[in-house]
Amino acid sequence: MNVHAPTFFVPPRPAAPTKELGLYRFLVAARTNALQIWPKSAYEQDAVVGSAFGRTRMLINAPDAIHRVLVDNTANYCRTSATIRILRPIVGKGLLLSEGEDWRHQRRTIAPAMAPRVVPMIARHVALATEETIAQVAALAARGPVDILATVQFLALEIAARSMFSLEMRQYGAALRRLITRFAASLGRPYFLDLMLPAAIPTLRDLARMRFRSRWVAFMDEIIAARLRAPPDGRPHDLFDMLLAARDPETGEAFSRAQLRDQMATMIVAGHETTALTLFWSLYLLASSPADQDRVAAEVRAVDLGPDAAADALAKLPYTKAVVNEALRLYPPAFTLARMAVGPDRLGDVAVPRGALIMISPWVLHRHLRLWKDPDAFNPARFLGDAALPHRFAYMPFGAGPRICIGAQLALTEACLVLATMIQRFHVALADATPVLPAAVIVTQPDHAAPFRLRPRN
Ligand code: HEM
């Protein structure tokens with residue numbers, strides 16, 4: 001035995017079924033915990049191909065096949081009916097669900113607003129909101145265990161609201177969270193007919209989704225009206241200012257008011273829960289691996305994370321960044337990307353018929369036995385400068401190709417700065433021994449709100 005071999009924390013994960021699930025169990029797992037859809041063999045093979053009601057569905061793991069779907073032949077792979085049906089009420093006609101020329105126009109127009117030059121503006125919002133939340137958390141921590149999931153969800157929403165609208169969410173936060181949580185708990189889950197029917201045929205659940213949409217649109221319009229009442233001073237303060245001023249570089253076209261609302265809704269929904277969960281899992285992993293927590297604590301001890309210094313601090317946080325990358329590997333918030341084949345194609349040896357459902361699962365890829373050494377172990381050093389980078393299509397928490405996440409830079413900025421600040425201020429530990437398991441419903445969340453003990457650091 002090599003006495004110097006490091007021992008890594010191996011977090012628990014849901015058991016994979018020993019063989020492929022039949023249709024009924026597949027649909028139940030899709031609604032309750034989609035991480036249990038894939039059989040053990042999926043973590044070793046290039047593809048898993050099945051069919052239901054004459055429709056082919058396939059999970060692809062081979063880098064070349066993923067490259068073809070997400071980069072080389074994107075025109076042949078569109079969003080699925082189920083994705084459109086479930087997300088349309090909340091993201092409307094924003095970037096996430098658009099296709100073709102409409103998508104290109106939206107992406108060209110938004111991209112400059114998300115470029116690295118906005119990082120200092122975002123970093124300032126992050127630092128200010130984090131300072132305030134930490135003051136509240138310190139008071140709670142003095143009284144007993146803290147619900148870290150609720151804390152990071154609150155903070156991520158606050159940061160989203162400030163980076164997008166410069167608004168504090170005291171007035172709107174509770175209502176916003178209520179609307180999103182209610183949606184996620186029922187209307188946002190895929191049901192049998194959602195998965196089986198084309199998007200053009202509405203189901204009873206779609207009628208409820210339409211009612212939700214009217215409430216949601218009215219609410220977003222109210223926030224935007226409040227934002228517009230703030231007197232302009234000629235300087236961009238937030239992403240709303242950037243998108244209001246944005247023009248398509250090819251056509252000069254601006255967004256209409258309705259388009260602007262859908263973009264803002266898209267970003268709030270796509271961005272805040274995903275980033276909150278990245279933070280939750282990063283803190284959970286550090287609480288479970290004291291040596292890694294000590295290393296982050298040493299790295300952040302003397303770093304100024306205040307609003308004026310936060311953007312420059314990012315370059316001083318390589319280990320913190322590696323922890324965030326590793327948390328995104330072990331718990332990718334977007335656990336599956338789904339596409340429908342518009343026409344026939346070929347992915348390596350596998351023929352793709354028209355209408356096939358193609359799934360690319362960061363959850364499976366990130367734990368694939370052929371792509372990673374010790375895939376279940378928490379080892380942030382995989383992402384340090386001198387480590388060999390994983391294959392481009394073995395690690396894709398933000399997707400890949402032209403539709404790669406447009407908010408990735410902002411999410412990483414936020415996650416690194418908040419994690420660094422939390423560990424600078426507190427020693428974090430789990431308050432009980434109940435295993436924390438990931439459960440994927442819309443995003444990869446913990447199966448319960450694990451309590452944490454936070455002890456202030458000197
Ligand atoms: C850790 C946090 C995040 C994760 C893990 C994540 C993950 C992803 C993934 C995997 C995709 C590609 C989906 C696909 O190809 O089907 C995506 C797309 C997208 N994300 Fe994110 N995201 C995060 C944060 C954000 C933030 C902060 C924003 C906005 C401020 C955002 C906005 C979007 C949008 C608008 C798209 C659609 C892009 C397009 O279709 O062109 N995301 N995200």
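Note that the numbering runs from 1 along the sequence shown for the chain. One-based numbering, in listed order, for ligands and for the atoms of each.
D292 and Y319 share a donor-acceptor pair across their side chains, judged by distance under 3.5 Å alone.
The CZ atom of R31 lies 8.0 Å from the CZ atom of R189; values are rounded to the nearest 0.5 Å.
The option with the heavy atom closest to atom 11 (C) of ligand 1, from among F335, F398, Y77, is F398. Distances from atom 34 (C) of ligand 1 to the heavy atoms of I404, I406, I360 show the closest one on I406.
Closest protein heavy atom to atom 32 (C) of ligand 1: A270 CB, 3.6 Å. Ranking protein heavy atoms by distance to atom 1 (C) of ligand 1, first place goes to T278 OG1, 3.3 Å. At the shortest separation from atom 13 (C) of ligand 1 among protein heavy atoms lies L337 CD2, 3.9 Å. Of all protein heavy atoms, the one closest to atom 24 (C) of ligand 1 is T274 OG1, 3.6 Å. Taking atom 40 (O) of ligand 1 as the reference point, the nearest protein heavy-atom neighbour is R403 NE, 2.9 Å. Atom 42 (N) of ligand 1 has as its closest protein heavy atom C405 SG, 3.0 Å.
Put simply, the side chain of F255 reaches to within 4.5 Å of the side chain of Q106, judged on heavy atoms.
A salt bridge links E326 with R382; the closest basic N to acidic carboxylate O contact falls under 4.0 Å. For E158 and R162, the salt-bridge test passes: some basic side-chain N is under 4.0 Å from an acidic carboxylate O. R209 has a carboxylate O that lies under 4.0 Å from a charged side-chain N of D206, or vice versa, which qualifies the two as a salt bridge. Here D238 pairs with R227 in a salt bridge; the nearest charged N to carboxylate O distance falls below 4.0 Å.
Below 30°, between 30° and 60°, or above 60°: for Y395 and F383 the angle between ring planes is between 30° and 60°, a tilted geometry.
Considering backbone and side-chain N/O atoms, T275 never comes within less than 3.5 Å of an N/O atom of ligand 1. Checked against a 3.5 angstrom limit, the closest N/O atoms of R79 and ligand 1 fall inside it.
Residue contact check: R107 has heavy atoms under 4.0 Å from atoms 38 (C), 39 (C), 41 (O) of ligand 1. Under a 4.0 Å criterion applied to the non-hydrogen atoms of P397, ligand 1 contributes the atoms 5 (C), 7 (C), 10 (C). Less than 4.0 angstrom separates some heavy atom of T266 from each of these atoms of ligand 1: 35 (C). Close contacts between ligand 1 and A411 involve ligand atoms 1 (C), 2 (C), 24 (C) [criterion: under 4.0 Å to a heavy atom]. Within ligand 1, counting atoms from 1 as listed, the ones closer than 4.0 Å to a heavy atom of G399 are 10 (C). Close contacts between ligand 1 and W103 involve ligand atoms 39 (C), 40 (O), 41 (O) [criterion: under 4.0 Å to a heavy atom]. The ligand atoms of ligand 1 that sit less than 4.0 angstrom from a heavy atom of G271 are 24 (C), 25 (C), 26 (C), 27 (C), 28 (C). For ligand 1, the atoms sitting less than 4.0 Å from at least one non-hydrogen atom of L96 are 36 (C), 37 (C), numbered in the order shown with element in parentheses.
Residue R339 touches ligand 1 through its side chain alone, judged by heavy-atom distances below 4.0 Å. Only the side chain of M114 comes within 4.0 Å of ligand 1, judged by heavy-atom distances.
Side-chain atoms of R367 come within 3.5 Å of backbone N or O of L330 as a donor-acceptor pair.
Aromatic ring centres of F452 and F426 lie farther apart than the 6.0 Å criterion allows.
Paired with E250 under the rule side-chain hydrogen bond (donor to acceptor under 3.5 Å, both in side chains), one option of R108, R104, H105 passes, and it is R108. If you run salt bridge (Lys or Arg N to Asp or Glu O under 4.0 Å) between D262 and each of R88, R213, R257, only R213 comes through.
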